[in-house]
Every structure is written in structure tokens, then in C-alpha cells.
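Following: one structure in C-alpha cells, then a few remarks.
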There are 2 protein chains.
Amino acid sequence: MKLEEIFLFDGVDSSDKARMISCFKIQRRKYKPGEIICDFEEKRDRVGIILSGSVSLVRIDASGNRIVIEDLSENDVFGEMFALADDAPHGIFAECEKKCEVAFVAYSQISKRCENACLCHTTVVENMFRVVTKKTKRLSERIEVLSNKSIRDKLLCLFSMYSQREGKPSFELPFSLSYLAEYICADRSAMMREIKHMSDDGLIKNDKRRIEMLI
Amino acid sequence: MKLEEIFLFDGVDSSDKARMISCFKIQRRKYKPGEIICDFEEKRDRVGIILSGSVSLVRIDASGNRIVIEDLSENDVFGEMFALADDAPHGIFAECEKKCEVAFVAYSQISKRCENACLCHTTVVENMFRVVTKKTKRLSERIEVLSNKSIRDKLLCLFSMYSQREGKPSFELPFSLSYLAEYICADRSAMMREIKHMSDDGLIKNDKRRIEMLI
DNA sequence: AAATTTCTGTTGCATATGCAACAGGAGGTG
DNA sequence: CACCTCCTGTTGCATATGCAACAGAAATTT
């Protein structure tokens with residue numbers, strides 16, 4: 001993906017765009033799966049924008065469990081919390097999932113107004129705002145899923161989101177069942193068992209990642 | 001709280017501020033506990049800013065359970081997801097918790113640039129951006145807590161966040177134990193039981209809302 | 001083609017947790 | 001004071017769920 005195409009410059013006309021790209025001193029880097037892109041131990045004045053591939057925001061907790069807090073792909077942003085936050089969280093880092101390329105931009109470049117007070121800066125800030133709002137929505141949805149107490153209710157909550165999004169009762173999970181268990185923070189085998197029960201109870205039909213909701 | 005004091009106008013000089021306040025056609029309204037401030041069935045072009053009191057973003061799920069997705073107080077924002085999102089979520093509404101006053105601002109007013117392309121609009125968008133980022137951080141933290149599988153681990157995760165924030169191992173919960181159970185999405189009695197076990201195991205000392213972590 | 005890893009699927013067992021039900025205390029209100 | 005509501009605290013019971021362990025299928029790499 002070219003820098004010209006990232007969401008950050010949506011709505012900026014091409015001459016301004018070219019000027020900003022050179023002015024922003026954007027750094028690009030490629031990563032292989034498993035590589036640590038960035039830890040957030042210190043406060044950093046930069047955000048990452050994903051140009052290709054996918055990245056996970058991961059935390060290792062006290063017991064050594066790996067928790068995926070966010071899953072990011074093309075045109076998503078990470079690090080904005082750390083560029084702005086006063087109190088730095090602990091043990092969170094960005095890890096490459098599928099081989100990826102990331103563009104790093106200094107946050108101060110984004111927020112500052114240039115000498116000419118040009119409109120394009122405003123547009124850029126608005127674009128950032130839109131992406132962060134999208135992220136808020138995704139996180140809220142996940143909380144909604146996790147707030148259900150039983151595995152069954154978590155799955156029903158998530159499945160109905162998907163079927164609503166598709167506009168029909170059947171859909172294909174966008175990831176593996178292992179990952180699904182991670183997403184709903186349940187034990188995989190317990191989840192598999194529950195899916196079978198739900199199928200036995202006539203709530204859903206399923207075959208691997210294909211799910212059909214029967215009310 | 002006066003409109004002049006809300007975060008939205010931070011960094012805007014007072015003459016511009018006065019001009020914007022009149023130009024934005026902000027509506028203010030007071031609510032009593034339990035009142036529904038706003039449902040989000042239809043897409044609305046406005047965000048709410050809380051001037052005083054507190055507000056919960058609540059969802060009633062299919063089984064009739066009440067889920068608090070976000071807790072908001074002074075200078076927090078709600079509705080920005082719905083002003084921007086394409087697909088409107090279902091059954092979410094904002095409910096007054098402690099008696100409150102809310103200012104409603106049309107989102108288009110915030111994002112649009114006025115004829116003069118004045119700087120203050122940029123500042124306002126930046127301020128919105130900062131608040132939404134703060135919200136993202138809060139939601140991430142909650143996911144981190146909820147991602148723990150056992151009640152014990154959820155509590156330890158949350159408690160260590162608090163003690164870290166306080167800079168010392170003992171702290172006072174900012175809300176009731178009933179509410180704590182809601183926050184970690186666990187049954188209250190089960191949580192109380194677990195707190196006792198943790199105390200028996202020498203992990204914490206506790207008296208009502210006062211918690212002390214012993215490693 | 002062979003080797004290796006990841007994904008899907010299943011089972012037994014111990015126990016953590018939800019649920020229902022109850023009770024005393026604190027605080028607020030008429 | 002009497003009444004009410006909310007918060008804290010506790011217990012018994014049924015069961016949902018985590019954990020460990022295993023195995024074949026599918027995908028990916030060598």
C-alpha cells in the first residue's frame with residue numbers, strides 16, 4: 001500500500017498530500033510474523049499505521065497468559081493511546097501477526113498546525129478522529145460480547161452481531177475456531193463442547209467455520 | 001458547569017469561544033436518575049457532553065440482562081460512535097445515573113470548517129480526538145480485566161491497575177461492591193466469596209471497599 | 001512426497017461460578 | 001420514629017467451564 005492511499009490523507013488534494021508526506025518524515029518498516037513491532041514501556045510520540053498485513057496489540061499478564069486486546073489490519077492505527085496518555089500501561093506491545101508493513105508518524109506532526117495554517121491539517125486530524133472512533137466501536141462490541149456470563153450467551157451475542165452485519169442468518173467466521181475462543185476469552189475445548197450443545201438444542205447449525213443461526 | 005469550561009473549547013481564546021458557543025447552537029438539558037437520555041435506534045448527528053452528574057451507556061440484551069458498556073461523568077462524551085458509524089447498533093441507550101446535565105452538539109458543527117477557516121475549529125477537533133482516545137484507553141483496560149477467565153484473576157488484574165494508579169498497594173474502590181461485580185461481569189455473591197478466599201489465601205486484605213494488595 | 005505445524009474435535013474430572021434465597025446494617029425520607 | 005432502599009455478607013446446590021490429554025484432518029513448509 002502506498003502512503004498516498006492511507007486513510008490519514010483522505011480528502012486532501014494530491015499536491016498537499018505530496019507535501020505533507022515529505023513534511024511528516026514518515027518511517028516505513030516491514031515485519032515478519034511474531035516480531036515485536038513496538039513496546040510501550042516509555043511514552044512515545046508516534047503512532048503506527050498499518051499499510052499491509054495484520055498486527056495484534058497483546059498483553060502478557062502476571063500469570064503469563066497472552067491476551068489479545070486488539071486486532072488490527074490495513075489502515076488501522078495503534079499507539080495513539082500511548083502518545084497521549086499520561087500514565088503508561090504495563091506490558092503491552094504490538095506484535096506482527098501476518099507479515100506486515102507499518103508507517104510511523106510523529107503524533108506532534110499530525111496535531112500541530114503548520115505555519116500556513118493550511119486546511120489539510122484539519123482534514124488529517126478529522127481522519128484520525130474517525131479511525132479512533134471506529135476503534136472505540138469495535139472495543140465496545142467486544143465488551144458487549146465479553147459481558148455475557150456463559151459461553152453460550154457470548155457466542156449468541158457475537159453470532160447475532162455477525163448475522164446482523166451480513167443481513168442473513170448464516171455467515172462464515174472471519175477467523176479460526178481457536179481464535180474465536182481467544183476472542184471470547186473462553187477455553188477452546190469448552191467452547192467446542194458448547195457449540196455442539198447449541199447445535200443439539202437446535203439454536204444453530206454449524207460446519208467448521210460456517211454458522212447458521214436458527215433464531 | 002458552564003459551557004465555557006467544557007473540554008471541547010480548551011485552548012480556544014475566550015472571544016472565539018463565545019462566538020463558537022453561540023454558533024454551535026448547543027442544547028442543554030437536565031435529567032433525573034433513571035431517565036433515558038437518548039436511544040440510538042436511528043443515526044443521529046449529535047454528540048452529548050456531560051456537564052455534571054453521571055451517565056451510563058447501557059444495553060439490554062436478548063435475555064433481558066442489563067449490561068453497562070461505559071460509565072461516563074463530567075467532560076465525557078457519548079454518541080460519537082453513532083454520529084459516525086454506518087451500521088447502527090441495537091438496543092443501546094444512554095441512561096442518567098446520578099442527576100446530570102448534558103450539552104448536545106451537532107457533530108457536523110464540530111467537524112465542519114467555517115468560512116474563515118479559523119484555527120479554533122482545528123483545536124476543537126483535536127480536543128474531541130483527545131477525549132475519544134481517553135475512552136479507547138478505558139475500554140481497553142476493561143477488556144484486559146474481562147479477558148481473565150476466573151473471578152480471582154479479574155480482580156487481581158483490576159486491583160493491580162488501581163494500586164499502580166495510586167502508587168501504593170492500598171486503595172479505596174471508587175464504587176460499590178455491587179457495581180464492581182457488574183464491572184467485571186460476575187455474579188455478586190460469587191465475587192464476594194472469591195474476595196474472601198483471596199483474603200484467606202493472604203493475597204489481599206479488605207474491609208468493605210478498602211483493598212490492600214499483599215503482592 | 002515427507003515433515004511439521006495449525007486447526008478441529010472429543011472426553012473425564014475437579015472445581016469455580018451462577019443462581020436463589022436470606023439477613024443485618026447503613027443511609028435516606030416522610 | 002417508622003419505612004424504605006441499597007449495600008454488604010453468607011450459604012447450598014446444580015452445573016458450566018477450565019484444564020489436561022489425546023487424535024485425526026487440513027494446511028503449510030521442507
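We name chains A, B, ... by the order of the sequence lines, and we start the count at 1 in each one. Computed from a predicted model, the values in this text were never measured in an experiment.
- One can place CD1 of B/Ile151 at 12 Å from P of D/dG18, the figure rounded to the nearest angstrom.
- To the nearest angstrom, P of D/dG12 lies 16 Å from CG of B/Asp187.
- Contact annotation for A/Ser150: backbone-only contact, meaning every heavy-atom pair under 4.0 Å involves sugar-phosphate atoms and none involves a base.
- Atom C1' of nucleotide C/dG18 and atom NZ of A/Lys154 are separated by 13 Å, given to the nearest angstrom.
- Less than 4.0 Å separates DNA chain C from at least one heavy atom of each of the following residues of residues 189-201 of chain A: A/Ser189, A/Met192, A/Arg193, A/Lys196.
- When the side chain to side chain donor-acceptor pair (under 3.5 Å) test is applied to B/Asn206, no partner is found at least two apart in sequence or on another chain.
- Remark: A/Glu4 pairs with A/Lys2, A/Lys17, A/Ile21 by the side-chain contact (heavy atoms from CB on, under 4.5 Å) rule, at least two apart or across chains.
- Below 30°, between 30° and 60°, or above 60°: for B/Phe171 and B/Tyr162 the angle between ring planes is between 30° and 60°, a tilted geometry.
- Scanning for side chain to side chain donor-acceptor pair (under 3.5 Å) contacts around B/Arg193 gives an empty result, with sequence neighbours left out.
- With rounding to whole Å, A/Arg152 atom CZ is found 15 Å from D/dG18 atom P.
- Within the nucleic acid shown, A/Ser178 comes within 4.0 Å of at least one base atom, counting heavy atoms only.
- Regarding contacts with the backbone of C/dC19, every side-chain N or O of B/Arg188 stays at 4.0 angstrom or more from both OP1 and OP2.
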Which donor-acceptor pairs under 3.5 Å do the side chains of residues 207-215 of chain B make with protein atoms, sequence neighbours left out?
{"unit_1": "B/Arg210", "atom_1": "NH1", "unit_2": "B/Glu172", "atom_2": "OE1", "d": "2.8"}
{"unit_1": "B/Arg210", "atom_1": "NH2", "unit_2": "B/Ser170", "atom_2": "OG", "d": "3.3"}

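- C/dT10 atom P lies 11 Å from atom CG of A/Leu177, rounded to whole Å.
- Applying the side-chain contact (heavy atoms from CB on, under 4.5 Å) test to A/Val77 and every residue at least two apart in sequence or in another chain returns A/Phe7, A/Val47, A/Ile49, A/Glu80, A/Met128, A/Val131.
- Scanning for salt bridge (charged side-chain N to carboxylate O under 4.0 Å, His left out) contacts around A/Glu101 gives A/Arg28, with sequence neighbours left out.
- Using a 4.0 Å cut-off between charged nitrogen and carboxylate oxygen, A/Glu194 and A/Lys154 do not count as a salt-bridge pair.
- Residues passing the salt bridge (charged side-chain N to carboxylate O under 4.0 Å, His left out) test with A/Glu97, sequence neighbours excluded: none.
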In B/S/- notation, 5' to 3', how is nucleotides 25-30 of chain D contacted by protein heavy atoms closer than 4.0 Å? ------
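- Atom pair B/Asn148:CG and D/dC19:P shows a separation of 11 Å (rounding to whole Å applied).
- One atom, NZ of B/Lys98, and another, P of D/dC6, lie 14 Å apart when rounded to the nearest Å.
- Screening residues 178-191 of chain A for salt bridge (Lys or Arg N to Asp or Glu O under 4.0 Å), with sequence neighbours left out, gives no hits.
- At its two ends the helix from C/dA1-D/dT30 to C/dG30-D/dC1 runs along axes set 60° apart, each axis drawn from five pairs and the angle rounded to 10°.
- The salt bridge (charged side-chain N to carboxylate O under 4.0 Å, His left out) test applied to A/Asp201 returns A/Arg152, not counting sequence neighbours.
- Nucleotide D/dG18 holds its P atom 13 Å from the CD atom of A/Glu182, rounded to whole Å.
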